[in-house]
Q: 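Structure provided below as structure tokens; questions to follow.
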Amino acid sequence: MDVPAPGRLRAAALYAALVLGLALVFTAGALVLGGSSAPRDTARAAAPAADAPLDRLAEGDLARGIAALQTHLRAQPKDAAGWAALGATYVEQARTSGDPTRYPQAQAAFSRSLRISPRGNDAAHAGRAALAAARHDFRTALTEADRALKVNPYGERALAVRVDALVELGRYDEALRAAEHADAVRPGIPVFTRLAYVHELRGDPAGARRILTRALDSAATPGDTAYVATALGQLAWSQGRYPAALGHFATALRADPGYLPAVEGRGRTYAARGDREKALRDLGRVVDRYPLPAQLAELGELYEAAGQKERAEQQYTVVGTWIALAGANGVATDLDAALVAADHGDPAEALRAARAEWSRRRTVHTADALAWALHVNGRDREALAYAERSSAPGYRNAAFLYHRGVIEAALGKREAARTSLAAALRLNPGFSPTAAPAARRALARIEGDPS
């Protein structure tokens, strides 16, 4: 029997630790991210299990892992599994650092792995699926996940990315079947959290909560506990259950005091409850480490709500810089660009970007973004059809309801607008630092006008 070299054993062990469950990167991430007049649900646009198992690895661990793999691959340059592991680690590093320049390096590593081992290399195909999802190329993500599953039908990462891709393509019935299949063949926290999210999208938040509660009971590590408790907190926040949300985030932070998604969720919950000082502290901490568009925009909107316009504009400027950098590294950024431009930039650019995103994927999130972009361009009749589509599978989102209510009011549909705006504020009364107050003002105008 051949005995593997020590370097190969180390690379294999590192590979197992790094790539278990690697899936969608946001825009990624799994954070529920708010907004102003166009509150950002970007993390919810990405499946919330996206950052699951690999969040256990700190940024320093990832850097050390990359260095170890690079050293190993210099000695063993034909190790296909090692190259796939390196690519997976680059994708994860891009996610945890917000640095999209790692994506071309990941692509090169996966290509190298497939040149060495073109057949039966499910790890490289699953890695390419995760990379495509990170770049918001969900059709390619689905194709690569299917290739990986032909080789290994039980591959957790490919099963998870397949669900994510179907969700992000707006194919919600197929996503449910894919999540149920994954649960049958490879149950575990990455699958449980995806199954819960599909239930939430289909209008069953109670079912999502039950699945996540069972997942929390099964959590075996501090990282798993922090991840699932944060998902429960995000779900509670989206339903306006702020004490429950804070309880879940506290559970997450007891398990892992440095877990930034829980810090962000707690900050957003503080903002919803009107505790702006604590919200600014938490969100500032997140942006210092994780400067992605949704977090930057959320912090900007908190500053805006506090009357600190200059500081708000600084955050929006950084969002634009990140979008340009990400686009240069192969990330499709039109959804982010549309949401930011609609409220903080050029309405025409918002509409161009929203239409481009809609041409690629027809989800509740892209429908809402296109509806709002059409509205800010004065095209409310067109906008209403897309606003209606944003709740098509039964999904209820306070920001989407607010947008719909504003569009209905602009069309003179007073009763419909009253219903939508009131529903938004009942569901999640603090859904945005700036849009929630705007929703209350709009509702008061309608109720104060008897005509």
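Computed from a prediction, not measured in an experiment: that's the story for all the values here.
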Q: Would you say Pro433 and Glu298 make side-chain contact, with heavy atoms under 4.5 Å?
A: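 Yes. Closest side-chain heavy atoms under 4.5 Å.
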Q: Could you tell me whether Glu357 and Arg361 make a salt bridge, using a distance below 4.0 angstrom between a side-chain N and a carboxylate O?
A: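 Looking at Arg361 together with Glu357, the answer is yes, because their closest N to O distance falls below 4.0 Å.
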Q: Using the side-chain contact (heavy atoms from CB on, under 4.5 Å) criterion, which residues pair with Ala229? Sequence neighbours excluded.
A: Leu216, Thr251, Ala252
Q: I'd like to check the side chain to side chain donor-acceptor pair (under 3.5 Å) partners of Gln239; sequence neighbours left out, ordered by chain and number.
A: none
Q: Suppose we screen for side-chain contact (heavy atoms from CB on, under 4.5 Å). Which residues come up paired with Ala175, at least two apart in sequence or across chains?
A: Leu166, Val167, Val198
Q: Under the criterion side chain to side chain contact (heavy atoms under 4.5 Å, CB included), I'd like the reasoning laid out for Glu301 against Tyr316: C-alpha separation, chi angles, the key distance, then a yes or no.
A: CA-CA 9 Å; Glu301 288 154 0; Tyr316 305 143; 3.2 Å; yes
Q: Tell me the closest heavy-atom pair linking Thr89 and Ala85, and the distance in Å.
A: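 Of all heavy-atom pairs spanning Thr89 and Ala85, the closest is OG1-O, 2.6 Å.
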Q: Got a sec, which residues hit salt bridge (charged side-chain N to carboxylate O under 4.0 Å, His left out) with Glu349, two or more places apart in sequence or on another chain?
A: Arg352
Q: Please enumerate all residues that pass ring pair (Phe, Tyr, Trp, His ring centres under 6.0 Å) together with His375, with sequence neighbours excluded.
A: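 Result, ring pair (Phe, Tyr, Trp, His ring centres under 6.0 Å) vs His375: Trp372.
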Q: How close do Phe431 and Arg268 get, heavy atom to heavy atom, and via which atoms?
A: O-NH2, 4.2 Å
Q: For a 4.5 angstrom cut-off between non-hydrogen side-chain atoms, does Leu86 reach Arg112?
A: no
Q: For Arg102, which residues count as a salt bridge (charged side-chain N to carboxylate O under 4.0 Å, His left out) partner, sequence neighbours excluded?
A: none
Q: Is the closest side-chain heavy-atom distance between Asn397 and Ser238 below 4.5 Å?
A: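 No, their side chains stay 4.5 Å or more apart.
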Q: If you compare all heavy atoms of Ala123 against all heavy atoms of Ala84, which two are closest, and at what distance to 0.1 Å?
A: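 Between these two residues, the closest heavy atoms are CB-CB, 4.0 Å.
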Q: Under the rule for ring pair (Phe, Tyr, Trp, His ring centres under 6.0 Å), what residues qualify as partners of Tyr386, not counting sequence neighbours?
A: Trp358
Q: Are the side chains of His125 and Leu149 in touch, meaning some heavy atoms are under 4.5 Å apart?
A: no
Q: Hey, are the side chains of Gln295 and Leu283 touching, using non-hydrogen atoms and a 4.5 Å cut-off?
A: no
Q: Name all residues meeting the side-chain contact (heavy atoms from CB on, under 4.5 Å) criterion together with Thr101; count only those two or more places apart in sequence or in a different chain, and write none if there are none.
A: Asp99, Leu325, Asn329
Q: Partners of Arg355 by salt bridge (charged side-chain N to carboxylate O under 4.0 Å, His left out), sequence neighbours excluded?
A: Glu382
Q: Taking only residues two or more places apart in sequence, or in another chain, which ones meet His248 in a side chain to side chain donor-acceptor pair (under 3.5 Å)?
A: none
Q: Are side-chain N/O atoms of Asn428 and Tyr242 paired as donor and acceptor at under 3.5 Å?
A: yes
Q: Taking salt bridge (charged side-chain N to carboxylate O under 4.0 Å, His left out) as the definition, give me every residue that meets it alongside Arg241, ordered by chain and number, with sequence neighbours left out.
A: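 Listed in chain order: nothing, the list is empty.
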Q: Excluding sequence neighbours, so at least two apart, what forms side-chain contact (heavy atoms from CB on, under 4.5 Å) with Ala106?
A: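 With neighbours one apart ignored, the set is Tyr90, Val91, Phe110, Leu131.
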